[in-house]
K.L.:
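Sharing a structure, written as structure tokens. Questions coming.
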Amino acid sequence: MSGGLTENITCPVSPLTFGPCAPVGRPRQTDPVHIALSRAASVVTAVELEESGHELARHELDARALAPWIREREADHPRWVWNDTAHWYPSLLAAGVRISRCVDLRLCHRILRRAASAAASELASAPRGGWDSPARPPESPTTSAMLFELEPPPVDDDPVAEWRRQREAVEGSARPGRLALLLAGESVGALVAAEMRFAGLPWSHERHDELLTELLGPRPTVGRPAKMEAVLARVRAALDDQEFSPDSPVELVKGLQRAGVRATSARSGDLKQLTHPAIAPLLEYKKLSRLHSANGWNWLDEWVRDGRFRPSYVPGGVVTGRWASDGGGALQLPRQVRGAVIADPGWTFVVADAAQLEPRVLAAISGDTAMARAGQSQDMYQGMVDSGAVETRPQAKYGMLGAIYGGTTGESGRMKPRIERAFPRAMEYVEAAARAGERGEVVSTWLGRSSPPGRGDSYDETASDAQLMKLRNDARGWGRFTRNFVVQGTAAEWALCWMGSLRRRLWEVGGGDGAATELTARPHLVFFLHDELIVHSPIRLAVDVSTALRDSAAEAGRLLFGAAPVEFAITVAVVDRYDLAK
DNA sequence: TCGGAAAGCGCC
DNA sequence: AAAGGGCGCTTTCCGA
């Protein structure tokens with residue numbers, strides 16, 4: 001099998017960068033296509049490199065002159081090579097400079113260090129060094145001076161040497177096209193993460209406060225909000241216990257037992273099984289309490305400023321390649337508060353969601369044509385019903401989720417034989433990934449991101465991750481992890497490609513390089529949630545943005561899977577409030 | 001008094 | 001409604 005279409009596209013500049021394909025002024029043979037940046041104190045060194053890696057020129061710049069210099073050089077759309085996007089890009093954005101492509105060396109290093117397809121490379125076998133350390137925190141005026149004095153940059157910090165090592169690792173790998181696409185996707189993701197934080201998600205402080213007041217009562221200066229207190233009073237009355245304490249799981253269970261209720265845990269799901277008049281108000285209390293503590297007024301004060309929610313995203317923060325977030329809980333925004341996400345006047349949101357992304361990804365990576373056929377429908381689960389594989393949509397949904405997650409009980413367990421019969425290649429694929437995990441082997445995504453080493457391997461990279469360590473000691477549990485890894489991880493790769501393609505298209509919709517306006521004056525990404533994107537757009541461009549979203553989804557499918565007959569359907573909604581999208 | 005672990009629940 | 005892989009965040013608990 002080939003690496004998809006990625007090897008076949010001809011383009012003056014590599015398409016694997018998610019940058020413009022036909023730059024103004026086609027590069028001459030000696031034009032630099034990469035510019036590597038490094039910094040020592042206030043001096044920035046910029047090294048211009050040919051595609052071959054040959055050094056063309058070297059400049060030393062004062063750090064304060066960097067942004068205008070980059071703006072000027074950006075006309076040729078070089079790839080900016082730097083250690084951490086999160087270190088360099090925020091200050092450029094603040095100076096009004098948007099770049100089209102980069103190589104985030106640390107994110108790429110992390111992938112290559114572990115990639116099974118590049119295991120023979122010098123990079124993979126080198127001792128751990130500075131590039132294996134976590135990213136240096138972005139400079140902040142209060143801490144940077146101190147940190148830099150205490151921790152001098154590691155000696156192997158040279159971005160040019162590292163870039164060459166990475167290029168060798170990719171070129172010598174079993175799947176150079178796929179790995180190159182993965183690294184390009186990871187890097188463009190880092191650009192998007194910085195841009196989304198810079199732009200912020202439009203958030204109405206006023207509407208959020210109204211929502212909280214409706215549900216909880218007015219903000220109290222001390223103690224519980226009035227409506228929470230009232231619900232708690234109903235719980236206490238039903239238990240005939242004025243001392244009942246709902247906020248500690250231990251106390252909650254004890255309190256219920258004192259009243260003769262056979263509770264063994266404080267989990268909502270378990271409480272729901274019980275029949276007692278106190279249960280309904282108690283569940284209601286827990287719901288309100290969660291909202292109050294996680295996304296209440298304190299959250300609003302801390303995270304929403306000047307009408308924008310600016311969380312910090314962590315590209316590649318999850319072992320599977322999904323993003324994580326660091327503060328603000330951007331990836332867990334409860335539906336309850338999404339009504340506070342309101343577009344600016346004259347602007348709107350274009351909200352797009354990849355429909356049944358993981359099942360479609362499974363059809364593609366396993367080459368299961370029957371499953372791919374079901375995916376010709378906009379609604380893949382309905383397509384599975386129409387093909388006769390199962391009788392109802394819920395059967396299709398839980399059957400598929402069971403296949404992907406390794407479920408054995410309930411409806412998903414019951415559906416397993418039928419799914420196996422209808423989609424044998426897909427099931428064989430995930431079963432093989434699970435067995436490999438149980439044996440302690442490494443598995444890899446379609447583009448080549450490899451799972452952490454399995455059981456029995458004396459490898460300490462993730463030793464600090466308690467959850468992974470626990471899972472690793474449970475063969476079946478680790479098998480479920482690797483089974484899910486190949487699907488979730490490849491879905492994350494599709495999403496990166498979708499986002500990278502969209503980013504380039506949005507820039508064009510906004511006028512391309514000809515329009516000398518800043519990022520937030522054009523349609524721009526403001527939110528990303530695994531398989532969902534939100535674009536904040538001037539109303540008059542919403543149709544073009546919708547088209548760009550669909551074209552990007554199709555392009556992502558082609559980039560990963562070439563001509564494979566798998567459709568990646570998305571739903572698109574143009575709304576001025578996020579909660580209206582679904 | 002502080003910090004890590006566990007419980008619980010939000011998102012996909 | 002079901003099953004359950006991946007996370008982050010808040011609160012409580014408990015021991016150093």
Side-chain angles (χ1 to χ4, degrees), chain A residues 245-253 264-273 283 286-296 298-299 302-303 311-314 316-338 353-358 361-362 392-416 419 430 433-434 437 443 445 451-452 464-471 474 476-492 495 527-533 578 582:
Chain A
S245 159
D247 295 319
S248 149
V250 172
E251 292 302 310
L252 187 151
V253 172
T264 52
S265 92
R267 275 193 289 270
S268 296
D270 294 344
L271 295 176
K272 226 167 269 172
Q273 311 299 319
L283 292 170
K286 285 170 76 78
K287 190 88 179 161
L288 295 178
S289 169
R290 168 82 192 184
L291 173 65
H292 181 236
S293 65
N295 294 98
N298 291 342
W299 180 90
E302 187 173 357
W303 291 102
S312 138
Y313 297 93
V314 187
V318 178
V319 283
T320 58
R322 273 186 174 181
W323 286 16
S325 65
D326 180 13
L331 306 183
Q332 301 115 251
L333 280 185
R335 290 175 179 278
Q336 284 165 304
V337 300
R338 293 184 180 183
D353 180 290
Q356 304 95 35
L357 177 57
E358 295 193 347
V361 160
L362 176 55
T392 66
R393 195 178 180 282
Q395 284 181 348
K397 179 173 178 178
Y398 290 103
M400 278 321 303
L401 290 178
I404 292 166
Y405 293 145
T408 52
T409 60
E411 180 75 335
S412 101
R414 274 196 295 283
M415 284 303 114
K416 198 177 169 188
I419 301 288
V430 289
V443 297
T445 60
S451 65
S464 57
D465 193 323
Q467 234 168 336
L468 273 183
M469 283 304 283
K470 209 159 85 182
L471 198 57
D474 161 24
R476 291 182 64 79
W478 195 251
R480 279 197 302 275
F481 167 68
T482 52
R483 169 199 297 263
N484 184 250
F485 182 94
V486 295
V487 180
Q488 186 187 111
T490 305
F527 195 59
F528 170 54
L529 189 54
H530 308 313
D531 59 0
E532 185 177 341
L533 291 169
Y578 185 22
K582 268 195 274 195

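Every heavy atom of this structure was used, including side-chain atoms; hydrogens, water molecules and symmetry mates were not. Lettering of chains follows the sequences in order, A, B, ..., and the numbering in each one begins at 1.
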K.L.:
Whole angstrom is fine here: how far is it from CG in A/Leu357 over to C1' in C/dG6?
P.N.:
14 Å
K.L.:
Looking at B/dG10, I'd like to know if its phosphate oxygens (OP1 or OP2) sit under 4.0 Å from a side-chain N or O belonging to A/Lys287.
P.N.:
yes
K.L.:
Name the residue closer to the 5' end of DNA chain C, choosing between A/Ile404 and A/Trp299 according to the nucleotide with the nearest heavy atom.
P.N.:
A/Ile404
K.L.:
Mark yes or no for whether A/Lys286, through its side chain, and A/Ala266, through its backbone, hold a donor-acceptor pair below 3.5 Å.
P.N.:
yes
K.L.:
Measure the distance from CG on A/Leu362 to P on B/dC12 and round it to the nearest whole Å.
P.N.:
21 Å
K.L.:
Could you state the CG-P distance from A/Asp270 to B/dG8, rounded to the nearest angstrom?
P.N.:
8 Å
K.L.:
Give the nucleotide from the list B/dC11, C/dA3, C/dG6 with an atom nearest to the side chain of A/Val319.
P.N.:
C/dG6
K.L.:
Locate the shortest heavy-atom distance separating A/His530 from A/Trp323; write the atom from each residue and the value.
P.N.:
CE1-O, 3.9 Å
K.L.:
What does C/dT11 pair with, Watson-Crick or G-U, if both distances are under 3.5 Å?
P.N.:
B/dA6
K.L.:
With sugar-phosphate meaning primed atoms plus P, OP1 and OP2, does A/Leu529 contact a base, only sugar-phosphate, or nothing at under 4.0 Å between heavy atoms?
P.N.:
sugar-phosphate
K.L.:
Starting at atom CG of A/Leu533, determine the distance to atom C1' of B/dC12, rounded to an integer number of angstrom.
P.N.:
13 Å
K.L.:
Could you label the plane-to-plane angle of the A/Phe481 and A/Trp478 rings as parallel, tilted or perpendicular, counting under 30° as parallel and over 60° as perpendicular?
P.N.:
tilted
K.L.:
Report which part of the nucleic acid A/Asp326 touches: base, sugar-phosphate, or nothing (heavy-atom distance under 4.0 Å, all strands).
P.N.:
sugar-phosphate
K.L.:
What is the distance, rounded to the nearest whole Å, between atom OH of A/Tyr405 and atom P of B/dC12?
P.N.:
11 Å
K.L.:
Under 4.5 Å between any side-chain heavy atoms of A/Ser268 and A/Lys287, yes or no?
P.N.:
no
K.L.:
With the side chain of A/Arg338 defined as its heavy atoms from C-beta on, choose the nearest nucleotide among C/dT11, B/dC11, C/dG5.
P.N.:
B/dC11
K.L.:
Remember a base hit wins even if backbone is also touched, and classify A/Gly317 as base, sugar-phosphate or nothing at under 4.0 Å, heavy atoms.
P.N.:
nothing
K.L.:
Measuring from the side chain of A/Ser248 (C-beta onward, heavy atoms only), which nucleotide among C/dG6, B/dC12, C/dC13 has the closest atom?
P.N.:
C/dC13
K.L.:
Taking OP1 and OP2 of B/dC12, is either one under 4.0 Å from a side-chain nitrogen or oxygen of A/Arg335?
P.N.:
yes
K.L.:
Determine the contact category for A/Gly402: base if any of its heavy atoms lies under 4.0 Å from a base atom, sugar-phosphate if only primed atoms, P, OP1 or OP2 are that close, otherwise nothing.
P.N.:
nothing
K.L.:
Please pick, from C/dC7, B/dG10, C/dT12, the nucleotide with the shortest atom-to-atom distance to any side-chain atom of A/Ala324.
P.N.:
C/dC7
K.L.:
Does A/Arg322 have a side-chain nitrogen or oxygen under 4.0 Å from the phosphate oxygens OP1 or OP2 of C/dG6?
P.N.:
no
K.L.:
Applying the Watson-Crick and G-U wobble criteria at under 3.5 Å, what pairs with C/dA2? Answer none if nothing qualifies.
P.N.:
none
K.L.:
From CZ of A/Arg267 over to P of B/dA7, roughly how many Å is that when rounded to an integer?
P.N.:
8 Å
K.L.:
Starting the side chain at C-beta, find the nucleotide from C/dT12, B/dC12, C/dA2 nearest to A/Tyr398.
P.N.:
C/dA2
K.L.:
Could you tell me if the side chain of A/Arg322 sits less than 4.5 Å from the side chain of A/Leu331, heavy atoms only?
P.N.:
no
K.L.:
Give the rounded distance in Å between these two atoms: CZ of A/Arg290 and P of B/dC11.
P.N.:
8 Å
K.L.:
Is A/Trp299 reaching over with its side chain to a backbone N or O of A/Gly328, donor-acceptor style, under 3.5 angstrom?
P.N.:
yes
K.L.:
A/Tyr405 versus A/Val487: any side-chain heavy-atom pair under 4.5 Å?
P.N.:
no
K.L.:
Assess whether one donor atom and one acceptor atom, taken from the side chain of A/Gln332 and the base of C/dG8, lie less than 3.5 Å apart.
P.N.:
yes
K.L.:
Checking contacts here: which listed nucleotide (C/dA2, B/dC12, C/dG6) is nearest the side-chain heavy atoms of A/Asp531?
P.N.:
B/dC12
K.L.:
OP1 or OP2 of C/dC7 less than 4.0 angstrom from a side-chain nitrogen or oxygen of A/Ser325, does that happen here?
P.N.:
no
K.L.:
Atom NE2 of A/His530 and atom P of C/dG4: how far apart are they, to the nearest Å?
P.N.:
20 Å
K.L.:
Within the pair A/Lys286 and B/dC9, is there a side-chain N or O less than 4.0 Å away from OP1 or OP2?
P.N.:
yes
